[in-house]
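Written out below as structure tokens is the structure these notes cover.
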Protein chains: 2
Amino acid sequence: MTITIQSVSSTELERCARPIVAVDLVIVAMQSGALSVLLHRRTEPPFEGTWALPSGVLDVANQGWQGESIAEAARRIFEYQTGIASASCHFASLGAFGRVGRDPRTRVISMGWLVGVSPEQAARVDTDLTCWSAIANEVPWLRLAFDHAEIIATAEATIGTTDATSLALSLVSQPFTVADLRGAYEAVLGRPQDARNFRRKFQRLVDIGTVVASGDKRHQGKSRPANVWRAAADQTNP
Amino acid sequence: MTITIQSVSSTELERCARPIVAVDLVIVAMQSGALSVLLHRRTEPPFEGTWALPSGVLDVANQGWQGESIAEAARRIFEYQTGIASASCHFASLGAFGRVGRDPRTRVISMGWLVGVSPEQAARVDTDLTCWSAIANEVPWLRLAFDHAEIIATAEATIGTTDATSLALSLVSQPFTVADLRGAYEAVLGRPQDARNFRRKFQRLVDIGTVVASGDKRHQGKSRPANVWRAAADQTNP
DNA sequence: GCAATAGTGTCTTTCAGACAATATTAG
DNA sequence: CTAATATTGTCTGAAAGACACTATTGC
């Protein structure tokens, strides 16, 4: 038996039911040396009173034509929810989360995005109905709204398998010392990094131009001053 | 200035415009030693007469409640379009493709999926309005419908960066010889593999149980018979 | 014996991880 | 001089790539 491949007809395309497409943000920052996720407390059903990821709905009709791209939506919703300019932040897609029933109201396909922000940026977020929860802390995950625990688990897996450099660079204040960046790597990778081996890895980042010397030095207390560095301009992933 | 994070309200969720969510399949198979992609010729606008990837629309309302998950949709549409049982095939998500204007009719967010099929399965697909096009062949990509050239480019990038083992195992007939699998690796990686170094890599797959000896031997023409092997049962990615 | 493919071992390079000593500042 | 942090170099093991020979079959 052979099969002939068929296209979706235009009439079928017009008639068929459509889901909502949303964006869920896993916004991470360093809090006292560990990775934390930004959560906010829901004030209406469903899941009223539980913690949830910041999110928003993809714009399909505005801006004159078909709305905005998914990456644009992620940045717009991030800026709307946090007030932070997205240009200096690291964005990485976590894929689609489309389980049936993940939102009991209607069918929602959500695109997960991982966003890394610096300590200064993180400090600007209002903590009224929000909190930064350590990602290693298992307790709150059990009671998160929707499938947000699954999205955070995917974020953890993505963080663990992709190159840590872009994310770590987005988590440190600019400019930074080698020790600062090493701390970010340790937060991202979840394990201590040997200072000497890390310096070798850092040197490779210098050699390929990912980080550049700022020329200044910085010293804290009574110790030898450290050289300070900056991420090269093109470190954000669109 | 501080910002308070807000949830999407239920009324906004009901009112807002919704996109179509679709699935585009990059179905790959080995054709005379090289990777090929299954294309079909469109018979209606838009892009009438041009080549396109097999695709379908996510089911949101049927099956009683909210329809099907994205992975279920990918397998359903694959089986509908090819007649091949999806259980023995390798599925990997390529992410979302949601550029504004990618479909001129209406806003469509498409989930790309990479599917690897064996030569026997590939041979079952009718070649009436379809073709297997070598993935290294640049010419047809220029004239593909929608953003399907971009999806195939993403598939190539994904193939080049992820571990080739699962995909290669899905591309060979079962059972297979070491030389068969090496040919699949060469097609996937796009470069020749040294037989001796590959045997060492293969031995690691045996050691961790990814492939198991079938016990038989196979010989072609006048040469020494080769041992034949099988992929372990749990090689498909859902 | 000859043709053809299957299967095995060694050397080198590269990268990651374990490990200790020296350098520069404030006090 | 002491405290504190910054910076640098060596050894070792794992894995990948380059490379040549032996083994088993049909004819």
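So you know, we letter chains A, B, ... as the sequences are listed, proteins then strands, and number each from 1.
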Length of the [atom1]-[atom2] vector between [X] and [N], whole Å:
X        : N      : atom1 : atom2 : answer
B/Arg199 : C/dT10 : CZ    : C1'   : 17 Å
A/Gln203 : C/dA16 : CD    : P     : 14 Å
B/Gln220 : C/dA6  : CD    : C1'   : 11 Å
A/Leu189 : C/dA16 : CG    : P     : 12 Å

Minimal non-hydrogen separation, [X] against [Y], with atom names:
X        : Y        : result
B/Ile84  : B/Glu79  : O-CG, 3.2 Å
A/Val211 : A/Leu169 : CG1-CD2, 3.8 Å
B/Ser173 : B/Glu120 : OG-OE2, 2.9 Å
B/Leu171 : B/Pro119 : O-CD, 3.0 Å
A/Val178 : A/Phe198 : O-CE2, 3.7 Å

Ring centre gap for B/Phe146 and B/Phe97 strictly below 6.0 Å: no

Looking only at the side chains, is there a donor atom on one of A/Ser88 and A/Gln121 sitting less than 3.5 Å from an acceptor on the other?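 Per modelled atom types, A/Ser88 and A/Gln121 side chains form a pair under 3.5 Å.
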
Quick one: are B/Thr82 and B/Val115 in side-chain contact, heavy atoms under 4.5 Å? no

Would you say D/dT7 has OP1 or OP2 under 4.0 Å from some side-chain N or O of A/Asn227? yes

Would B/Arg182 pass as a cation-pi partner of B/Phe202, given that its NZ or CZ must be under 6.0 Å from the six-membered ring centre and within 45 degrees of the axis?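 No, B/Arg182 does not sit over the ring of B/Phe202.
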
For nucleotides 16-19 of chain D, tabulate all protein N/O to nucleotide N/O atom pairs closer than 3.5 Å, reporting atom names and distance.
unit_1, atom_1, unit_2, atom_2, d
D/dA16, OP2, B/Arg204, NH2, 2.2
D/dG17, N7, B/Arg200, NH2, 2.9
D/dG17, O6, B/Arg200, NH1, 3.4
D/dA18, N7, B/Asn197, ND2, 3.0
D/dA18, N6, B/Asn197, OD1, 3.1
D/dC19, N4, B/Asn197, OD1, 3.4

Does B/Arg102 pair with B/Glu150 as a salt bridge, N-O distance under 4.0 Å? no

Identify each atom pair where a protein N or O and an N or O of nucleotides 25-27 of chain C are less than 3.5 Å apart, giving names and distance.
unit_1, atom_1, unit_2, atom_2, d
C/dT25, O2, A/Ser223, N, 3.4

Go through residues 170-184 of chain B and report each residue with a non-hydrogen atom lying under 4.0 Å from DNA chain D, sorted by number. none

From A/Leu129 atom CG to A/His40 atom NE2, the distance as rounded to the nearest 0.5 Å: 9.0 Å

